[in-house]
Amino acid sequence: MKKTTVYDDERLVGYSLEEIYLFVDPVLLQREGTVYRLEKCGSAPARLLVKRPYRVRLGASRVIRATVHPLERTIRTEDLGAVEMAFTGSTAYGIDHEMEHLAGREIHGGEGGLRTFRWGG
């Protein structure tokens with residue numbers, strides 16, 4: 001999912017569009033950069049510190065995009081066909097996380113969990 005907020009500074013009102021992607025036969029083509037972040041997955045008892053790519057490039061035999069517009073109360077769908085797409089930030093983290101699941105791997109925090117953090121002032 002990708003969220004984009006549209007905000008009118010004069011009227012002081014905005015809305016967030018949500019783009020939800022369905023990838024058929026997804027293939028992770030490229031991972032770039034490293035972002036350390038805390039993630040919790042499923043029934044895991046705690047969040048784990050994991051490494052995720054900042055950018056990913058994903059290919060698929062077919063991509064369907066649904067755009068949800070809260071003010072119009074509409075959902076528009078579009079079949080993008082077979083494409084390659086690039087994502088950054090939180091969308092890239094989510095894609096990398098879900099691709100691990102599709103590969104049959106559990107999410108592991110090789111960097112420890114929140115409980116290993118030191119308190120500072």
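Worth saying up front: this structure is predicted, and the values here are computed from it rather than measured. Every heavy atom of this structure was used, including side-chain atoms; hydrogens, water molecules and symmetry mates were not.
Enclosure of atom NZ in Lys40 by more than 12 non-hydrogen atoms of other residues, nucleotides or ligands within 6.0 angstrom is indicated. At most 12 non-hydrogen atoms from other residues, nucleotides or ligands lie less than 6.0 angstrom from CD1 of Ile75.
Taken together through direct or relayed side-chain contacts under 4.5 Å among Ile, Leu, Val, Met, Phe, Trp and Tyr, Val24 and Phe87 form parts of separate hydrophobic clusters. Put simply, Ile95 and Val27 are part of two different groups of oily side chains (I, L, V, M, F, W, Y) that touch within less than 4.5 Å, one to the next. In the hydrophobic clustering of this structure, Val83 groups with Tyr21; members are Ile, Leu, Val, Met, Phe, Trp, Tyr whose side-chain heavy atoms approach within less than 4.5 Å, directly or through other members. Note on Val56 and Leu80: same hydrophobic cluster, where clusters join Ile, Leu, Val, Met, Phe, Trp and Tyr whose side-chain heavy atoms are under 4.5 Å apart, directly or indirectly. Under the 4.5 Å side-chain heavy-atom criterion for ILVMFWY residues, a single connected hydrophobic cluster contains both Met85 and Leu28.
Between Arg52 and Glu100 there is a side-chain heavy-atom pair separated by less than 4.5 Å. Annotation: side chain of Glu98 is not in contact with side chain of Pro26 (no heavy-atom distance under 4.5 Å). Between Ile64 and Phe23 the shortest side-chain heavy-atom distance does not fall below 4.5 Å. Between Leu58 and Met99 there is a side-chain heavy-atom pair separated by less than 4.5 Å. Between Tyr7 and Tyr15 the shortest side-chain heavy-atom distance does not fall below 4.5 Å.
Among all heavy-atom pairs drawn from Val68 and Pro70, the shortest one is O-CD, 3.7 Å. Of all the heavy atoms in Glu72 and His69, the pair that sits closest is N-ND1, 3.1 Å.
A side-chain contact (heavy atoms from CB on, under 4.5 Å) with Pro53 is found for exactly one of Gln30, Arg31, Glu32, namely Arg31.
Atom CE in Met1 sits 4.5 Å away from atom CD in Glu18 (nearest 0.5 Å). To the nearest 0.5 Å, the span separating CZ on Arg55 from OH on Tyr93 amounts to 10.5 Å. Atom-to-atom distance recorded for Asp25:CG and Leu102:CG is 10.5 Å, nearest 0.5 angstrom.
Ion pair Arg37/Glu39 flagged as a salt bridge, since at least one NZ, NE, NH1 or NH2 atom sits closer than 4.0 Å to an Asp/Glu carboxylate oxygen.
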